[in-house]
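The structure appears right after this line, and notes come after that.
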Amino acid sequence: MTQPFYVSPEQLMKDRADFARKGIARGRSVVVISCREGIALVAENPSPSLHKIGEIYDRIAFAAVGKYNEFESLRQAGVRYADVRGYSYDREDVTGRGLASVYAQSLGAVFTAEQKPFEVELTVAEVGDDVEHDHLFRLTFDGSIADERRFVVMGGAAERVAEAVIDGWSTEASFGEAIRLAARALREDRTEPISLEVAVLDRDAETARGLRRAFRRITADELVTLMDGTD
Amino acid sequence: MNDFLAERIVAAASSSFTEHLAAARPDLLPFNRSLPANASTATPHATTIVAMSFAGGVIMAGDRRATMGNVIASRHIEKVFPADRYSVLGIAGSAGIAIDVARLFQVELEHYEKIEGMLLSLEGKATRLGAMIRGNLPLALQGLAVVPLFAGFDLESGVGRLFSYDVTGGRYEELEHHSVGSGSVFARGALKKLWRPGLAEADAVRTVVEALYDAADDDSATGGPDPIRQLWPVVYTVTRAGARRVPEHELASVAGELIAARSTAGREA
């Protein structure tokens, strides 16, 4: 009778983590950046319809890198979680922290229990009354959760892009400035033109425009004007 | 086995919030309850809703009264709700269930938009509302009926449209104007005389307020404009620019003029 090969738990976890990291490293980067007007989410995405950035709830958005089918199922699960919670309690009771911890639990469970871990990295962004009260939760494939300040960069070239963002970051930046900064960072040492997917969480959506939902996609035309602009 | 798994995943991939609740949390649905017969006398009822088309869109208004038998249960209740950016719904009938149905419908539309990344068509919205009303049929047969009126701007054809429903979820498109609730007979009579094709928005506001005034005049369960408490009907207009709640001060002056005109006439209405 043959014995099954013994694999130490350390080795098993390491193999899984390496596998997930490799998958994520292939992906194009996403920048989530907190600024005066709110939170800007900028992704390099060649497809205009397969989104990497999505709306979850009134003041909460989602950004991801990795395998589309895996993060899309997580996004939809997040929308369901938030809507059920908001419907059964109140809209105010849906928080980014609650959502991030549910994501952390499910990513952690998949990492240890399933055949293969999710090859994704997520950011749950919640816009507050000012930059100090913005929340950016970064979640990795193994269920680790980090509460980031100022900005988050995920994806293949994350370190290089983050270096480019950190130099130009300011609390006082407008959406235009923040988006141009993110775009510059994503474009650095790239020769070919890249297409961007951009959305914002508007800090003053409710007070200034009477909209409960702060999330807004920036259309291709708007993006062209933003990129040329100086505001 | 793989086929089975794939089928299960496809079956679970619903864009409908109501379907998700029915599968995951059926206890949260407004109509999934069993009640003793004749529970209806002990619960508040919401009354008259009127809606009509005008140049550029549709308008909907509801009075502010809820009754429980012969008692006025509330003078402040709101029965017209924005469903999403381009549609509104008004609900007559059992107030508690009606408000829950309206809330569920709002989440349903927003949920679809977030999952699919685009708005549901106006026809699609009207059909979803019909399905919800059908879900309430068992309670409707016990006296807790909910009868909505749905109005929205059809972005494809560029016109405002009205839909009425019966308790079995049957959906009927209405032309020009419609009303539901206990005072609807009187309101409809008024609308028949007051409605004109291509009314301007300000005239449309005056017309719906007057129709509700006539309904309140003859139906004890409908509340008229209340200058003592400064309570006016809830009025929403829906145009290409989206749904807009007509502000209180505008309604106060419209209702004030109406009461003054009728007092001056000094006739039996």
Side-chain angles (χ1 to χ4, degrees), chain A residues 41 43 45 47-64 68-94 99 102 106 114-115 124 197 199 201 205-206 209-219, chain B residues 1-2 5-6 8-33 81-86 97 99-120 128 132 236-237 241-247:
Chain A
L41 304 101
N45 188 352
S47 164
S49 51
L50 300 175
H51 297 303
K52 289 180 165 183
I53 296 169
E55 174 184 12
I56 299 279
Y57 213 65
D58 293 352
R59 297 172 80 77
I60 304 172
F62 170 100
Y68 178 79
N69 65 331
E70 293 177 350
F71 68 68
E72 175 65 9
S73 72
L74 286 168
R75 184 188 70 85
Q76 295 194 0
V79 170
R80 291 201 181 99
Y81 162 86
D83 278 345
V84 169
R85 208 174 164 85
Y87 176 72
S88 58
Y89 298 107
D90 188 76
R91 296 194 78 92
E92 276 176 33
D93 300 313
V94 180
L99 179 70
V102 171
S106 51
E114 294 292 319
Q115 291 267 337
V124 172
E197 177 191 352
L201 280 172
E206 189 146 21
R209 278 172 276 285
L211 294 172
R212 222 174 33 204
R213 290 160 69 182
F215 184 85
R216 186 163 60 85
R217 277 190 196 287
I218 305 288
T219 60
Chain B
M1 190 239 164
N2 273 336
L5 179 64
R8 249 188 348 193
I9 289 170
V10 170
S14 163
S15 310
S16 165
F17 183 68
T18 317
E19 279 171 25
H20 172 64
L21 274 194
R25 298 286 304 275
D27 53 308
L28 290 179
L29 286 174
F31 28 77
N32 209 352
R33 304 162 192 162
F81 308 90
D84 65 356
R85 254 172 298 161
Y86 297 104
I97 298 174
I99 289 167
D100 266 4
V101 167
R103 230 157 54 83
L104 180 62
F105 188 60
Q106 288 168 334
V107 181
E108 173 87 16
L109 298 188
E110 186 187 320
H111 188 79
Y112 182 93
E113 191 190 334
K114 288 191 288 197
I115 296 275
E116 296 291 324
M118 57 191 201
L119 284 170
L120 202 53
R128 285 310 308 170
M132 273 180 206
Y236 276 90
T237 61
R244 177 183 82 99
R245 184 169 177 161
V246 178

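Computed over heavy atoms, backbone and side chain alike; hydrogens, waters and symmetry mates excluded. Naming convention: chains lettered A, B, ... in sequence-line order (proteins, then strands); numbering from 1 in each chain.
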Atom group of A:Ile56 that falls short of 4.5 Å from chain B, counting heavy atoms: backbone

Under 4.5 Å from a heavy atom of chain B, the part of A:Phe215 involved: neither

What is the distance from atom [atom1] of [X] to atom [atom2] of [Y], rounded to the nearest 0.5 Å?
X	Y	atom1	atom2	value
B:Glu108	A:Asp83	CD	CG	10.0 Å
A:Leu211	B:Arg85	CG	CZ	8.0 Å
A:Arg91	B:Arg103	CZ	CZ	10.0 Å

Backbone of B:Ile115 reached by a side-chain donor or acceptor of A:Arg75 within 3.5 Å: yes

Side chain, backbone, both or neither of B:Glu113 within contact of chain A (heavy atoms, under 4.5 Å): side chain

Over all atoms of both residues, closest heavy-atom pair of B:Val107 and A:Tyr87: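 Taking every non-hydrogen atom into account, CG2-CD1, 4.0 Å.
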
Check against side-chain contact (heavy atoms from CB on, under 4.5 Å), B:His20 and A:Gln76: CA-CA 12 Å; B:His20 172 64; A:Gln76 295 194 0; over 6 Å; no

Within 6.0 angstrom of B:Glu116 CD, more than 12 heavy atoms from elsewhere: yes

Heavy-atom side-chain contact between B:Lys114 and A:Arg213 under 4.5 Å: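 Yes. Closest side-chain heavy atoms under 4.5 Å.
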
A:Phe71: ring-ring contact (aromatic ring centres under 6.0 Å, His included) partners, not counting sequence neighbours: A:Tyr68

